[in-house]
Amino acid sequence: MRRNRKAVWSIVSAMALCALGATAQGQDIEILNASGAPVPNSTYTAGVNSETGAWTIELRSLYSPGGLTVYDIIGTGGVVIDHLRINVPCWQFGGSCVPAGSPVIVRVLSGDEDGVKSIHKISQPGDAETILADVVVRDDIGEITVESIGILKAGRDIYGPIIATTEDNPMRGISKVSAERDILGDLITENGRILEVQATRHIGTEAQPVTVRAKHGHAFIRSTKDLYADIQLGVNDGSGYLWFLDAGSFHGTLHAPR
């Protein structure tokens, strides 16, 4: 986490801010590269909905083709992100997309104590190789559909669904999902891994159990109170298995090769 950064929203286009409204006082977002400098203005659009006070952000450029394109989204003052769209085109070589070797790495982090309050949705309409490395919020995380997901950490609840769309890869998928209260949505990676799922209170509910589904990985699943889930590991003839399960009570089904 980088500290003592100045807000950079004075350089956001007037058109975007007029269309979406002005940010609430004390709430700001910076979008930085791996060196901590602002990414070029042309690589994204962003602004605030004047009615909801929530941000909409679209990442649009593979600004470092052949290298690492890093977007660190740093929130301060308790910002709420309504929708983060990772709409970055793939790295093309010889007229075709290169499937690996030039990843887009996205992190959503806090720059002060209030930081990012909640994020409602993260989607990936773009076809660049994409890793959502970290999302850390003070309250809630909503739905996420991205190629590969690293660490998700919510101070309250994770509503999901959380879906990693990676092609067959034992090293990518969903690495760690943790909520200080409840995990209430499905966790699915048909061709990737799930490593760690933890809730301080519940996973799923009696009325709406969640699905935990992965092809690869050694799943560690812990719920301090009730766990309502359909757990399917090693799907699609994968190598995934259950390494550890701990819950106050378990209600549901478990399918794993070991």
Side-chain angles (χ1 to χ4, degrees), residues 1 54 72-82 84 106-122 131-146 148-164 172-189 192-214 216-233 240-256:
M1 183 184 302
D72 280 352
I73 300 169
I74 312 296
T76 56
V79 300
V80 175
I81 299 173
D82 185 48
L84 168 59
V106 180
R107 292 186 280 256
V108 181
L109 302 169
S110 293
D112 65 5
E113 185 176 289
D114 293 325
V116 180
K117 183 180 180 187
S118 296
I119 186 161
H120 299 152
K121 182 175 182 178
I122 303 176
I131 301 168
L132 181 64
D134 294 275
V135 178
V136 181
V137 304
R138 198 179 76 203
D139 288 352
D140 305 321
I141 295 173
E143 63 180 286
I144 297 176
T145 303
V146 173
S148 185
I149 299 167
I151 296 172
L152 307 179
K153 185 175 181 180
R156 293 197 317 192
D157 302 321
I158 295 177
Y159 290 99
I162 309 299
I163 301 171
R172 292 189 176 182
I174 300 170
S175 292
K176 182 176 180 179
V177 179
S178 66
E180 290 299 316
R181 293 199 319 196
D182 302 331
I183 296 174
L184 300 169
D186 297 340
L187 308 171
I188 297 174
T189 176
R193 69 180 186 178
I194 286 181
L195 297 184
E196 187 173 334
V197 180
Q198 293 199 67
T200 300
R201 204 163 62 178
H202 306 287
I203 297 177
T205 66
E206 184 175 7
Q208 190 169 352
V210 303
T211 296
V212 179
R213 181 175 170 88
H216 302 292
H218 48 276
F220 177 109
I221 301 172
R222 169 176 278 162
S223 175
T224 302
K225 295 186 177 180
D226 300 322
L227 169 58
Y228 295 90
D230 175 20
I231 301 171
Q232 306 167 23
L233 305 174
Y241 65 96
L242 181 66
W243 175 45
F244 183 91
L245 188 148
D246 182 27
S249 62
F250 174 48
H251 312 268
T253 60
L254 169 62
H255 301 270

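Position 1 is the first residue of the sequence; numbering continues from there. What you see is a predicted model; the values in this text were computed from it and never measured.
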request  = Check step by step if side-chain contact (heavy atoms from CB on, under 4.5 Å) holds for His218 and Leu195.
outcome  = CA-CA 6 Å; His218 48 276; Leu195 297 184; 3.8 Å; yes

task = Tell me, please, which residues at least two apart from Tyr228 pass ring pair (Phe, Tyr, Trp, His ring centres under 6.0 Å).
result = His251

Residue pair Val177, Ile141: steps toward the side-chain contact (heavy atoms from CB on, under 4.5 Å) verdict = CA-CA 10 Å; Val177 179; Ile141 295 173; over 6 Å; no

Residues that His120 engages under side-chain hydrogen bond (donor to acceptor under 3.5 Å, both in side chains), provided they are two or more places apart = Asp82

key: CD1 on Ile203 to CD1 on Ile183, rounded to 0.5 Å   = 4.5 Å

remark   = Interatomic distance, CG@Asp140 vs CG@Asp157, rounded to 0.5 Å, equals 5.0 Å

ask   = So, Asp186 side chain and Thr211 main chain: donor-acceptor pair closer than 3.5 Å or not?
value = yes

ask   = How many angstroms lie between atom OG1 of Thr200 and atom NZ of Lys225, to the nearest 0.5 angstrom?
value = 10.0 Å

note = Paired with Val108, the side chain to side chain contact (heavy atoms under 4.5 Å, CB included) test is passed by just one of Val136, Asp72, Ile81, Ile74, namely Ile81

Pairing residues for Gln232 by the side-chain hydrogen bond (donor to acceptor under 3.5 Å, both in side chains) criterion, not counting sequence neighbours = Arg213, Asp230

task = Of all the heavy-atom pairs spanning Glu180 and Gly155, show the shortest one and how long it is.
result = CB-O, 3.1 Å

Interatomic spacing from CG in Asp134 to CG in Leu152 - rounded to 0.5 Å = 8.5 Å

task = Check the angle between the aromatic planes of Phe244 and Phe220 and answer parallel, tilted or perpendicular using the 30° and 60° thresholds.
result = parallel

message = Nearest 0.5 angstrom please: Ile163 CD1 to Ile122 CD1, how far?
response = 13.0 Å

inquiry  = Using modelled atom types and a 3.5 Å cut-off, is there a donor and acceptor pairing between side-chain atoms of Ser110 and backbone atoms of Val116?
reply    = yes

message = Show, in sequence, the C-alpha distance, side-chain angles and deciding distance for Ile221 and Phe250, and conclude whether the side-chain contact (heavy atoms from CB on, under 4.5 Å) test is met.
response = CA-CA 11 Å; Ile221 301 172; Phe250 174 48; over 6 Å; no

request  = Starting from the C-alpha separation in whole Å, work towards a yes-or-no answer on side-chain contact (heavy atoms from CB on, under 4.5 Å) for Tyr241 and Leu233.
outcome  = CA-CA 6 Å; Tyr241 65 96; Leu233 305 174; 5.8 Å; no

inquiry  = With a 3.5 Å distance limit and no angle check, can you tell me whether Ser118 reaches the backbone of Arg138 through a side-chain donor-acceptor pair?
reply    = no

message = So which atom in Lys117 and which in Gly78 form the shortest heavy-atom distance, rounded to 0.1 Å?
response = CB-O, 3.7 Å

ask   = Got a second to check how far Ile73's CD1 is from Leu84's CG, nearest 0.5 Å?
value = 4.5 Å

task = State whether the side chain of His202 and the backbone N or O of Asp226 hold a donor-acceptor pair below 3.5 Å, judged by distance alone.
result = yes

